[in-house]
Student: 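Have a look at the structure that comes next, please.
Numbering of ligands and ligand atoms starts at 1, following listing order. It should be emphasised that the depicted structure is a prediction, and the values quoted were computed from it without experimental measurement. The chain is numbered in sequence order, starting from 1.
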Amino acid sequence: MIIVILGTPGSGKGTQARRLAERGNIIQLSTGDMLRAEVARGSDLGLKVKKIMESGDLVSDDIILDMIAERIGRDDCRNGFILDGFPRTTPQAEALDGMLAERGLTIDHVFELETDDDILVERISGRFTCAACGALYHDRLNPPRVTEVCDECGGATFNRRADDNAETVRQRLLAYHEQTAPVLAYYHDKGALRGIDGMAGIDQVTGQLNEITG
Ligand code: ADP
Ligand code: ZN
C-alpha cells in the first residue's frame, strides 16, 4: 500500500503516519526526518540544508527527489510506504507519479489532515520526540504516561526540533500555503484527495484513517 499524508506543520502527519505504518506493516518515509538525520550526521547534504530548514523554507526539489528515488527503491519499501512531508510542491508530486509509474506502482490513498492555522503554533511549540525510538509527544496535549520516560521504549532522552519555534513555524506555514496548496489541488483534480478532520483528537483521527485504509 502507498499512502501520501498532506497537512500543515503540526497537523499531525508524523503521529498518524507512524501509526499507519505500524498497523499496515509498511515503512514511514518522512523527508523531514531524513533531512534531520543528514544534519545530525553532518554530511555534505546535511550542511547544505541546515540553514534552509532552520529558516522554515523548503529544500530544493532536486535534493528531495534524489533522496526519495533512492529510498523507495530499497527492499524494505517492497510492502509499501507512507510518505509524510512529501510531495510538498507540484514538481515533486509530478516526479513522484513518474517514479511510481516506472515501477508499475500507484498511490492508494492521499489524505489531507485539515486544521486551523491558529492552533498550530501551540501544537508545534510543545512537541518533542524520543531520541531512541522516535515516538512523538507534546508537553500538554500528549505527554508520556510517566514524566520523561518514553511509553514505547522506556527511553529517557528526548529531542526538540531546532525549527519548532514560533517564528520559523510562521515561515513554514507560509511555505505550505504558497507551495504545498497547489499539491492539494493536484490530487483533488485527480479525484484522489481525501480530507480528514485534523482538529479531532489523535485517536479519533487514527480511527478515521484506519477505517478508510481497511
Ligand atoms: P513540518 O511538516 O512540521 O514542517 P518536516 O519534518 O516535514 O516538518 O520538514 C521540516 C523541514 O524540512 C521543512 O521546513 C523543509 O525545510 C524541509 N523539507 C522536508 N520535506 C521537504 C520536501 N518534501 N520538500 C522541501 N523541503 C522539505
Ligand atoms: Zn522511545
Student: Taking heavy atoms and a distance under 4.0 Å, where does V59 meet ligand 1: side chain, backbone, both or neither?
Tutor: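 For V59, backbone and side-chain atoms both sit under 4.0 Å from ligand 1.
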
Student: If the cut-off is 4.0 Å to any non-hydrogen atom of R127, which atoms of ligand 1 fall inside it?
Tutor: 3 (O)

Student: Would you please say whether a donor-acceptor pair under 3.5 Å links the side chains of D117 and Y176?
Tutor: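 Y176 and D117 do not have a side-chain donor-acceptor pair below 3.5 Å.
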
Student: May I ask you to check whether D84 has an N/O atom sitting below 3.5 Å from an N/O atom of ligand 1?
Tutor: no

Student: For atom 27 (C) of ligand 1, which candidate among D57, L65, I64 provides the closest heavy atom?
Tutor: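 It is I64 that holds the nearest heavy atom.
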
Student: Using the rule side-chain contact (heavy atoms from CB on, under 4.5 Å), only one of L96, I107, V110, L6 pairs with L83; which is it?
Tutor: L96

Student: Which other residues belong to the hydrophobic cluster containing L58, where Ile, Leu, Val, Met, Phe, Trp and Tyr are joined when side-chain heavy atoms lie under 4.5 Å apart, directly or via other members?
Tutor: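 None; L58 is a cluster of one.
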
Student: Could you tell me the angle subtended at the Zn ion (ligand 2) by SG of C130 and SG of C153, rounded to 10°?
Tutor: 100°

Student: Polar contacts were defined as any N/O atom of the residue lying under 3.5 Å from an N/O atom of the ligand; does this apply to T8 and ligand 1?
Tutor: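 No, no N or O pair falls under 3.5 Å.
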
Student: Counting heavy atoms only, which part of R123 comes closer than 4.0 Å to ligand 1: side chain, backbone, both or neither?
Tutor: neither

Student: Indicate yes or no: does R161 engage D33 in a salt bridge with an N to O separation below 4.0 Å.
Tutor: no

Student: Is there at least one pair of N or O atoms, one from G85 and one from ligand 1, spaced under 3.5 Å apart?
Tutor: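 G85 vs ligand 1: N/O contact under 3.5 Å present.
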
Student: Just to verify, which of Q16, Q28, R18 counts as forming a side chain to side chain donor-acceptor pair (under 3.5 Å) with D84?
Tutor: Q28

Student: For atom 12 (O) of ligand 1, grab the closest protein heavy atom and report residue, atom and distance to one decimal in Å.
Tutor: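 Here the nearest protein heavy atom works out to M53 CE, 3.4 Å.
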
Student: Can you list, by chain and residue number, the hydrophobic cluster partners of F158 when the side-chain cut-off is 4.5 Å?
Tutor: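 Besides F158, the hydrophobic cluster comprises F128, Y137, listed by chain and residue number.
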
Student: Is it the side chain (CB and beyond), the backbone, both or neither of L58 that lies under 4.0 Å from ligand 1, heavy atoms counted?
Tutor: both

Student: Can you list the ligand 1 atoms lying under 4.0 Å from a non-hydrogen atom of K13?
Tutor: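 Close to K13: 2 (O).
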
Student: I'd like to know whether ligand 1 has K50 as a neighbour, heavy-atom separation below 4.0 Å.
Tutor: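 No heavy atom of K50 comes that close to ligand 1.
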
Student: For atom 24 (N) of ligand 1, what is the closest protein heavy atom, and at what distance to 0.1 Å?
Tutor: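 Answer for atom 24 (N) of ligand 1: Q92 NE2, 2.9 Å.
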
Student: Assess the side chains of S43 and E38: does a donor N or O sit below 3.5 Å from an acceptor N or O?
Tutor: yes

Student: What do you reckon, does D33 have a nitrogen or oxygen under 3.5 Å from a nitrogen or oxygen of ligand 1?
Tutor: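 No - when backbone and side-chain N and O of D33 are compared with those of ligand 1, no distance drops under 3.5 Å.
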
Student: Which residue, I5, L65, V183, forms the side-chain contact (heavy atoms from CB on, under 4.5 Å) with F86?
Tutor: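 Passing option: L65.
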
Student: Check each of R88, R172, Q179 against atom 7 (O) of ligand 1 and report the one with the nearest heavy atom.
Tutor: R88

Student: Charged N to carboxylate O below 4.0 Å: is that the case for D163 and K50?
Tutor: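 No, D163 and K50 are not salt-bridged.
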
Student: Is T31 close to ligand 1, meaning an N/O of one under 3.5 Å from an N/O of the other?
Tutor: yes

Student: Salt bridge (charged side-chain N to carboxylate O under 4.0 Å, His left out) for D57 and K51? Distances and angles first, verdict last.
Tutor: CA-CA 9 Å; D57 287 331; K51 285 257 149 50; over 6 Å; no

